[in-house]
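Each remark here refers to the structure printed beneath this line.
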Amino acid sequence: MSNSFVSWRRVAIAVSVASFVVGTVAGRAEDSEKPWDRSIAAGVAVTTGNSDSLQFNAGVKGNKIWKFDELRLSLGGTYGKNDGTVANQQLLGLAQYKHLFTERFYGTVVASGLNDAIANIDYRFTVGPGLGYYFIKTDTTQLSADAGPSMVFEKTDVYHPNFAAANPLSPTLWTTSEERSYLAARVGERFDRKLSDTAKCWQQSEFLPQIDNFSNYLLNTEAGVEAALTKTMSLRLVGTHRYQSITQDNSRHYDITVVSALAYKF
């Protein structure tokens, strides 16, 4: 079975499971103040000519606001090839729960999971509590920031080209895996703006420096805009930037992804 087929299948299974979970939880919520904002999105980009490329992305989101609680869930995957070579293969999940102590002051738990084959990240999980505050909170605009400790668990592939490989099919490339965990300080913020009855934009970022080694840090940013085409369909454009200060071998410190997709509300 080819690696590309396995990758596509993993993304499809993960998105399907997330859709089912979000839909099931939404259907059982009886004490809601506002309805669930749920959507599933997919997009494909193809180029041909001097170079041939293909990129597929899919994701599911679910946001819920109760009287004193808020929940934000998302899961997305991207797979792309350039001239027959895999150039993008990642799966990212995010979850944030907030409990309001007052109208603006809240406690939160934030968790994320990442798999990025091109960046040699088998997995990177982060989870931790925090305290936050809404600096702006109106029907059209929200701006919040929160901070707290976060545990980071990760497994990365390390290539050793100068050592003999155990795999005879790749005699000049020897790969080992490195697992580690550390405590980080997390600082995050999010901005949401309703542009009209049919359009909205958002931006969020987080900074996670290792507590005992501030030269090792992660910086994740996302910005997006969405406009409705019909009552259930919308066009979404999202840009993400992930930066890690310390990388393995010659891997780049940053990854930038721009995704345009059609979203369906369910």
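In this text, all values refer to a predicted model and were calculated from it rather than measured experimentally.
- A side chain to side chain contact (heavy atoms under 4.5 Å, CB included) with Asp192 is found for one member of Gln142, Gln204, Lys137 and no other, namely Gln142.
- In this structure, the side chain of Arg190 does not engage the main chain of Ser144 through any donor-acceptor pair within 3.5 Å.
- Grouping the Ile, Leu, Val, Met, Phe, Trp and Tyr side chains by contacts below 4.5 angstrom, directly or via other members, places Val225 with Val258.
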The test is side chain to side chain contact (heavy atoms under 4.5 Å, CB included); show your working for Asp69 and Leu71 and say whether it passes. CA-CA 7 Å; Asp69 302 276; Leu71 180 62; over 6 Å; no

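- Residue Tyr134 is tested with Tyr106, Phe191, Phe105, Phe101 for a ring pair (Phe, Tyr, Trp, His ring centres under 6.0 Å); the sole match is Tyr106.
- Salt bridge Arg186/Asp146: present, at least one basic N to carboxylate O contact under 4.0 Å.
- No side-chain donor-acceptor contact under 3.5 Å links Arg180 to the backbone of Glu154.
- Using a 3.5 Å distance cut-off with no hydrogens or angles, the side chains of Trp202 and Glu222 do pair a donor with an acceptor.
- Using a 3.5 Å distance cut-off with no hydrogens or angles, the side chains of Gln210 and Asp212 do pair a donor with an acceptor.
- One N or O on the side chain of Ser245 and one on the backbone of Tyr217 form a donor-acceptor pair closer than 3.5 Å.
- When each of Lys200, Arg72, Lys194 is paired with Asp37, the salt bridge (Lys or Arg N to Asp or Glu O under 4.0 Å) condition holds for Lys200 and for no other.
- One N or O on the side chain of Thr108 and one on the backbone of Tyr97 form a donor-acceptor pair closer than 3.5 Å.
- Checked by atom type and distance alone, the side chain of Asn115 never pairs as donor or acceptor with a backbone atom of Tyr123 at under 3.5 Å.
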